[in-house]
Visitor: 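Sharing a structure, written as structure tokens. Questions coming.
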Amino acid sequence: MAFQKQFKIEGLGDFAISPAIKKFTLMDLGFMTNNAGAFVLKRSLQPDQPIDQAISLKIVFQKDLSAAKVDVVGAAGGPVDIKKRADKDQMMELLAFFLKELVERQVLEQVA
């Protein structure tokens with residue numbers, strides 16, 4: 001997925017980068033900076049699996065916080081469609097929880 005200012009998560013709605021986003025908030029939430037200066041967060045959607053083998057939510061913000069990539073990825077890093085999985089309800093619940101935290105901390109905002 002390409003960097004965007006706004007993105008849609010099917011079943012949860014549309015989200016956009018909050019104008020109140022701060023770099024220190026990202027660091028507080030566990031985002032790490034990569035070699036290019038981008039902020040990266042990876043959260044497991046399968047808590048019963050080892051983190052390196054689990055399907056995860058991956059969020060990457062550009063260095064200047066102007067755009068983000070949001071993907072659900074597998075252990076190999078490729079995109080995964082969780083809608084077809086038997087444990088989709090548990091994954092969607094965790095996904096909603098992680099996104100709600102980002103909205104509450106003014107990293108993202110839900111778009112009507």
Side-chain angles (χ1 to χ4, degrees):
M1 178 178 264
F3 282 99
Q4 304 173 10
K5 293 180 185 279
Q6 188 172 332
F7 55 92
K8 180 181 183 97
I9 306 247
E10 195 168 321
L12 298 176
D14 293 338
F15 296 87
I17 298 172
S18 171
I21 190 172
K22 303 280 188 250
K23 289 181 181 181
F24 64 83
T25 303
L26 295 179
M27 302 305 281
D28 236 14
L29 289 168
F31 281 81
M32 305 296 289
T33 53
N34 65 14
N35 292 339
F39 294 90
V40 181
L41 177 73
K42 196 170 180 183
R43 297 287 170 129
S44 174
L45 297 177
Q46 293 178 307
D48 53 332
Q49 295 283 332
I51 188 71
D52 60 337
Q53 297 173 10
I55 294 173
S56 303
L57 169 66
K58 184 176 181 183
I59 303 173
V60 180
F61 281 95
Q62 287 182 334
K63 184 177 182 177
D64 63 359
L65 307 179
S66 63
K69 281 196 256 187
V70 178
D71 285 315
V72 174
V73 296
V80 174
D81 184 7
I82 62 175
K83 294 178 293 197
K84 297 177 183 176
R85 298 186 48 87
D87 55 353
K88 71 175 176 146
D89 292 336
Q90 178 188 11
M91 287 187 186
M92 288 300 289
E93 185 178 331
L94 278 171
L95 188 57
F97 175 79
F98 294 141
L99 291 171
K100 181 181 176 199
E101 180 183 30
L102 294 172
V103 169
E104 288 172 354
R105 296 292 303 269
Q106 296 181 332
V107 171
L108 299 175
E109 60 185 12
Q110 195 149 15
V111 180

Visitor: Atom CG of Asp52 and atom NZ of Lys42: how far apart are they, to the nearest 0.5 Å?
Guide: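 Between atom CG of Asp52 and atom NZ of Lys42 there are 8.5 Å.
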Visitor: Ignoring hydrogens and angles, tell me if any N or O in the side chain of Ser56 forms a donor-acceptor pair with the backbone of Lys58 under 3.5 Å.
Guide: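 Flag not set: sc Ser56 to bb Lys58 has no pair under 3.5 Å.
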Visitor: Got more than 12 heavy atoms from elsewhere within 6.0 Å of CD, Gln49?
Guide: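 Atom CD in Gln49 is packed in, count exceeds 12.
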Visitor: Determine whether Phe98 and Leu94 make a side-chain contact, defined as any pair of heavy atoms from C-beta on separated by less than 4.5 Å.
Guide: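 Of all side-chain heavy-atom pairs linking Leu94 with Phe98, at least one is under 4.5 Å.
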Visitor: Under the 3.5 angstrom rule, does the side chain of Asp81 hit a backbone N or O of Lys83 as a donor-acceptor pair?
Guide: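 Flag set: sc Asp81 to bb Lys83 pair under 3.5 Å.
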Visitor: Decide yes or no for Val60 and Phe3: does some side-chain heavy atom of the first lie under 4.5 Å from some side-chain heavy atom of the second?
Guide: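 They are in side-chain contact.
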Visitor: Nearest 0.5 Å, please: how far is NZ in Lys22 from CG in Leu65?
Guide: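 Answer for the CG-NZ pair, Leu65 versus Lys22, is 9.5 Å.
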Visitor: Taking the side chain as everything from C-beta on, heavy atoms only, tell me whether Phe15 gets closer than 4.5 Å to Leu102.
Guide: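 They are not in contact (no side-chain heavy atoms under 4.5 Å apart), so the answer is no.
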Visitor: Okay, side chain of Gln110, backbone of Leu12: is any donor-acceptor separation there less than 3.5 Å?
Guide: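 Yes, Gln110 side chain to Leu12 backbone: donor-acceptor pair under 3.5 Å.
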Visitor: Any side-chain heavy atom of Leu108 sitting closer than 4.5 Å to one from Val70?
Guide: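 No, every pair of side-chain atoms sits at 4.5 Å or beyond.
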Visitor: On a heavy-atom basis, which atom in Ala16 and which in Val111 lie closest, and how many Å separate them?
Guide: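 It is CB-CG2, 3.6 Å.
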Visitor: Taking the side chain as C-beta and beyond, is there a heavy-atom pair between Phe31 and Lys23 under 4.5 Å?
Guide: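 Phe31 does not reach Lys23 side chain to side chain.
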Visitor: How close do Lys5 and Ala67 get, heavy atom to heavy atom, and via which atoms?
Guide: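 Result for this residue pair: N-CB, 4.5 Å.
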Visitor: Could you check if a side-chain atom of Arg85 sits within less than 4.5 angstrom of a side-chain atom of Ile55, using non-hydrogen atoms only?
Guide: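 Arg85 reaches Ile55 side chain to side chain.
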Visitor: Check the hydrophobic clustering (I, L, V, M, F, W, Y; side-chain heavy atoms under 4.5 Å; chains of links allowed) and say if Leu57 and Val73 are grouped together.
Guide: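 Looking at the clustering, Val73 is in a separate group from Leu57.
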Visitor: Less than 4.5 Å apart, side chain to side chain, heavy atoms only: is that true for Val80 and Leu45?
Guide: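 Side-chain contact under 4.5 Å: no.
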Visitor: Quick check for you: to the nearest 0.5 Å, what is the distance between Leu99 atom CG and Met92 atom CE?
Guide: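 Leu99 CG to Met92 CE: 9.0 Å, rounded to 0.5 Å.
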Visitor: Group every Ile, Leu, Val, Met, Phe, Trp and Tyr by side-chain heavy-atom contacts under 4.5 Å, then state whether Val103 and Val107 land in the same group.
Guide: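 Val103 clusters together with Val107.
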Visitor: Ser66 and Gln62: which non-hydrogen atoms are nearest, and at how many Å?
Guide: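 Heavy atoms only, the tightest pair is OG-OE1, 2.8 Å.
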Visitor: Find out whether Leu41 and Leu29 are in side-chain contact, i.e. whether some heavy atom of one side chain is under 4.5 Å from a heavy atom of the other.
Guide: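 The answer is no, as the side chains (C-beta and beyond) never meet within the 4.5 Å cut-off.
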Visitor: Using 0.5 Å steps for rounding, measure from the CZ atom of Phe61 to the NZ atom of Lys69.
Guide: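 Rounded to the nearest 0.5 Å, the CZ-NZ separation comes to 13.0 Å.
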Visitor: Is it true that Phe24 and Leu26 fall in one hydrophobic cluster, defined by side-chain heavy atoms closer than 4.5 Å?
Guide: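 No, it is not one cluster - the side chains of Phe24 and Leu26 are not joined through contacts under 4.5 Å.
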Visitor: Roughly how far, to the nearest 0.5 Å, is the CD atom of Gln4 from the CD1 atom of Ile17?
Guide: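 Atom-to-atom, Ile17:CD1 and Gln4:CD are 9.5 Å apart.
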Visitor: Which heavy atom of Lys88 sits nearest to which heavy atom of Ile82, and what is that distance?
Guide: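 The pair with the smallest heavy-atom distance is CB-O, 3.0 Å.
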Visitor: Can you tell me how far apart CD (Gln46) and CD1 (Ile51) are? Round to the nearest 0.5 Å.
Guide: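 Atom-to-atom, Gln46:CD and Ile51:CD1 are 9.5 Å apart.
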